[in-house]
Student: 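A single structure is presented below for examination.
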Amino acid sequence: MSAAGIIFSNIHDNNIPELTRNRTMASVPFGCRYRLIDFALSNMVNSNINNVSVITHYNYQSLMDHIGSGKDWDLARRSGGIKMLTPFITAYANSTNALYSTRLEALKSVNNSISKIVDDYVVLSDCDVICNIDLNDMIKYHIENDADLTMAVKRVNLTKEQAKINVLVDSDITGRIVDVQAYPTLFEGEADINLNIMVMSRKYLQEVVLDSIAHNYTSLTKDIILKGLKRRNYHIYRYDGYFACITSPQDYYTSSMELINDKNVRKQLFGVKNRPVYTKVRNSAPTYYSPEAKVKNSLIADGCEIYGEVENSIIFRGAKIGKGSVVKNCILFQDTYTGENVTLNCVISDKNVVIRDNKHLSGDETLPFYLAKGKMI
Amino acid sequence: MYKKKECVAMLLAGGQGSRLYALTEKTAKPAVTFGGKYRIIDFPMSNCVNSGINTVGVLTQYQPLVLNEYIGNGQPWDLDRMSGGVMVLPPYQGKNGADWYKGTANAIYQNLDFIRRYAPDYVLILSGDHIYKMDYNAMLQAHKNTEADCTIAVLEVPLSEASRFGIMVTDDTGKINDFQEKPKNPTSTKASMGIYIFNTKVLEKYLIDDENTPGSNNDFGKNIIPNMLNDGMKMYAYPFEGYWKDVGTISSLWEANMELLGENPAFNVHDKQWRIFSRNYAAPPHYIGSDAIVSDSIISEGCEIYGTVEHSVLSSNVVVEKGAIVKDSVIMSGTIIKANANVCYSIIDGNSIISENAKVGEERDLAKGIAVIGSDLVVTANTIIASDAMINNDSVDGKSIIQK
């Protein structure tokens with residue numbers, strides 16, 4: 001049994017336009033030192049999936065920079081390893097090169113690569129799946145059920161608002177999928193939601209892609225899964241660990257804050273034995289706390305220098321908090337610099353932001369104040 | 001094939017570091033943890049890479065497992081190269097028998113074949129037990145400018161301490177006239193840092209001669225350098241200014257760790273132009289709890305702090321539970337300080353557990369010395385470890401205060 005992985009890197013870019021202005025969803029910073037794709041990649045690597053393709057189509061410079069040769073995920077391999085599938089635009093470009101917006105269109109656009117996969121199974125994953133899932137177990141389950149497609153789901157209690165942004169999966173007692181509802185407007189209550197991690201046999205995936213090209217299908221859910229429910233054997237795989245995906249800027253903020261406010265979230269994400277989360281190594285020095293530093297309930301990466309007060313915050317690598325400054329409920333990205341006597345509350349600062357002495361900035365938990373990359377205040 | 005290199009570095013990393021006692025029971029000195037996320041060997045290795053030297057032979061002998069594993073293929077230092085890179089050189093069995101490395105000079109002699117592959121013009125000899133940042137390339141330029149046969153890096157030390165070092169007596173141009181190994185009445189304050197650049201041909205000749213001299217100590221400081229001086233070879237001192245620390249003893253290791261603290265630390269590892277590279281173990285960011293107090297300390301990845309940490313250096317994945325106090329101490333990776341335990345003026349090696357209400361060491365003013373606890377040990381609850389205690393595996397047997 002061997003498996004290949006495919007990751008969709010631009011899916012959901014529109015959910016957090018501020019953060020994806022200059023980057024893909026996959027390369028959005030998260031949790032002090034990670035980019036969102038680190039979770040999907042680590043899940044694959046920790047499950048011995050060593051042949052991973054990342055489909056991307058725009059804004060992918062930061063993603064390429066992050067991935068590099070793939071060696072930080074142990075994916076710089078002679079055979080397999082990581083492959084970036086960028087748009088293939090020929091000199092004779094015409095309308096057929098139009099960029100895709102759905103997963104199925106993305107798969108169609110890389111049909112050539114998919115046709116060359118030799119592994120028995122393929123795991124398809126979105127880039128914003130913040131979880132630590134054992135894909136080996138999922139593949140094993142897929143094989144046991146002799147399924148054509150296995151979808152990872154999680155049982156959750158949904159409000160009407162949450163149901164509107166999720167795909168709900170109904171299954172019978174054997175776990176076979178009987179119905180799929182995309183973004184229902186009136187649903188409320190307990191349901192299995194699609195986590196956008198799927199296992200397919202390589203042959204079935206190749207068949208689906210060719211079939212979709214022939215019929216000009218565009219949606220995996222509507223054109224393939226819903227149509228095939230009766231004929232095909234689609235199964236759910238229940239995952240019950242921590243899971244988050246990013247649906248809005250507000251959601252990004254809340255999911256980040258869960259990391260500091262819930263010990264179990266950190267444990268289920270980072271504390272799973274033999275399943276570490278890998279990321280690009282930056283060789284920062286460890287973080288220094290000065291004698292005046294006061295830090296409470298915060299998650300802090302390497303390379304920071306802290307001279308002021310930090311509370312309920314997430315501080316990325318290389319950030320500096322000046323003397324007399326107070327940072328509360330904030331998410332400060334890589335190399336954010338705050339001068340002296342600055343106060344920040346509910347602020348998300350992008351990379352390389354500089355906040356000069358004596359500035360006071362505040363957002364609200366329901367609307368965090370966002371500072372764009374490289375801004376100086 | 002092997003590309004010619006201008007300069008090849010040979011890093012002597014076989015030392016036992018017996019004065020670090022419990023800390024070097026299972027690891028060679030160069031692999032001892034330093035400054036949170038580093039090992040001592042990261043400093044000379046990073047200096048090599050930052051100085052543009054990409055062929056490094058690491059000579060190992062004592063307890064090499066951790067060191068070999070740490071160096072691996074050299075990837076953390078960008079030393080996984082097509083040509084050159086890092087190569088671990090252990091003692092080996094040859095046609096005429098097997099020899100341990102008998103001395104520093106003999107270790108290089110036994111690996112002359114490694115050096116010859118790259119046909120370097122110069123050989124840089126380094127030792128793996130010092131903490132410093134140095135541009136070896138600048139030293140190489142000085143070596144070329146003076147057209148010396150050998151250049152030795154020297155550090156100004158106070159006259160009162162000069163008798164602990166190998167001392168170089170030079171003229172105004174830096175030419176070495178005399179060498180005194182640990183002199184009783186030093187006449188110079190230029191101490192050798194154990195960093196040498198040789199012209200390859202000269203080095204080869206003296207190593208071979210030394211090997212053929214019966215009764216030689218096969219040591220650079222005791223044999224090679226004095227012999228070259230006697231023969232009137234052209235030898236220059238290269239003055240080094242900046243932080244340099246021999247971390248060969250418990251107290252100097254503790255001091256060097258503490259010198260990383262402060263707003264303008266004596267030794268700065270935050271310099272982005274001269275990064276110190278180290279192997280990374282994919283630990284998550286560290287978490288500081290709601291009741292935690294952290295001040296004047298260095299905290300590494302993966303730590304979880306719920307208690308108090310003052311004026312200390314913590315390596316990765318250290319846990320300090322609620323009510324526990326860590327003060328003036330160096331805690332190495334994976335060690336857990338349980339609730340209400342008290343650790344003062346101590347060095348605790350990796351993966352040990354200090355149980356609830358245990359007390360290790362004394363306040364610095366009252367302590368007789370630094371308490372040291374080896375790796376993989378458990379100090380049981382309510383135990384008191386004296387301020388100058390040295391706890392290792394041998395202390396475990398038959399004593400109820402510590403269990404393995």
Student: Applying side-chain contact (heavy atoms from CB on, under 4.5 Å), run through Phe316(A) and Ile314(A) and close with a yes or a no.
Tutor: CA-CA 7 Å; Phe316(A) 282 67; Ile314(A) 292 181; 3.9 Å; yes

Student: Does any heavy atom of chain A fall under 4.5 Å from the side chain of Tyr306(B), the backbone, both, or neither of them?
Tutor: side chain

Student: Is it the backbone or the side chain of Arg317(A) that comes under 4.5 Å from a heavy atom of chain B, or both, or neither?
Tutor: neither

Student: Spell out, as yes or no, whether a donor-acceptor pair under 3.5 Å connects the side chain of Arg275(A) to the backbone of Ile133(A).
Tutor: yes

Student: Give the member of Gln75(B), Glu310(B), His311(B) that has the highest number of heavy-atom pairs under 4.5 Å with chain A.
Tutor: Gln75(B)

Student: What part of Lys323(A) gets closer than 4.5 Å to chain B, counting heavy atoms only: side chain, backbone, both or neither?
Tutor: side chain

Student: Taking side chain as everything from C-beta outward and backbone as N, CA, C, O, which of these in Leu314(B) sits under 4.5 Å from a heavy atom of chain A? Side chain, backbone, both or neither.
Tutor: neither

Student: If you apply the rule side-chain contact (heavy atoms from CB on, under 4.5 Å), what do you find for Ser329(B) with Val360(B), and how did you get there?
Tutor: CA-CA 10 Å; Ser329(B) 296; Val360(B) 179; over 6 Å; no

Student: Without swapping roles, check the side chain of Thr287(A) against the backbone of Ala301(A) for a donor-acceptor pair under 3.5 Å.
Tutor: yes

Student: Considering only heavy atoms, which portion of Glu305(A) lies under 4.5 Å from any heavy atom of chain B: side chain, backbone, both, or neither?
Tutor: side chain

Student: Among Ile315(A), Asn297(A), Leu259(A), Ile306(A), which residue has the highest count of heavy-atom pairs closer than 4.5 Å to chain B?
Tutor: Asn297(A)

Student: Looking at chain A, which one of His270(B), Lys272(B), Arg275(B), Glu304(B) has the largest number of heavy-atom pairs inside 4.5 Å, strictly under?
Tutor: His270(B)

Student: Could you check which of Ser290(B), Ala282(B), Gly36(B) has the highest count of heavy-atom pairs closer than 4.5 Å to chain A?
Tutor: Ser290(B)

Student: Is there a donor-acceptor contact under 3.5 Å linking the side chains of Trp77(B) and Asp42(B)?
Tutor: yes

Student: Determine whether the side chains of Asp357(A) and Asn341(A) contain a donor N or O and an acceptor N or O closer than 3.5 Å.
Tutor: no

Student: For Ile276(B), is it the side chain, the backbone, both, or neither that has a heavy atom closer than 4.5 Å to a heavy atom of chain A?
Tutor: backbone

Student: Using ring pair (Phe, Tyr, Trp, His ring centres under 6.0 Å) as the criterion, point out the one residue from Tyr132(B), Tyr136(B), Tyr38(B) that pairs with Phe43(B).
Tutor: Tyr38(B)

Student: In terms of heavy-atom proximity below 4.5 Å to chain B, should Ile260(A) be classed as side chain, backbone, both, or neither?
Tutor: both

Student: For Ser62(A) and Ser27(A), which I'm curious about, is there any donor-acceptor pair between the side chains at under 3.5 Å?
Tutor: yes

Student: For residues 64-72 of chain A, run the donor-acceptor check on the side chains, cut-off 3.5 Å, and write out each pair with its distance to 0.1 Å, sequence neighbours left out.
Tutor:
from     : atom 1 : to        : atom 2 : distance (Å)
His66(A) : NE2    : Asp38(A)  : OD1    : 2.8
Ser69(A) : OG     : Lys71(A)  : N      : 3.4
Asp72(A) : OD2    : Val281(A) : N      : 3.1

Student: I'd like to know which of Ile299(B), Val269(B), Ile305(B) tops the heavy-atom pair count under 4.5 Å against chain A.
Tutor: Ile299(B)

Student: Between Tyr337(A) and Asn352(A), do the side chains contain a donor N or O and an acceptor N or O under 3.5 Å apart?
Tutor: no

Student: Below 4.5 Å from any heavy atom of chain B, which atoms of Val277(A) appear? Answer side chain, backbone, both or neither.
Tutor: backbone

Student: Heavy-atom pairs under 4.5 Å with chain A: which of Asn280(B), Val313(B), Ile293(B) has the most?
Tutor: Asn280(B)

Student: Any donor-acceptor pair under 3.5 Å linking the side-chain atoms of Glu340(A) with those of Tyr307(A)?
Tutor: no

Student: For chain B, find which of Pro286(A), Gly318(A), Ser290(A), Pro276(A) contributes the most heavy-atom pairs closer than 4.5 angstrom.
Tutor: Pro286(A)

Student: Among Gly303(A), Ser284(A), Gly31(A), Cys304(A), which has the most heavy-atom pairs under 4.5 Å with chain B?
Tutor: Ser284(A)

Student: Under a 4.5 Å heavy-atom cutoff, which of Ser315(B), Pro265(B), Ala292(B), Ser316(B) has the most pairs with chain A?
Tutor: Ala292(B)

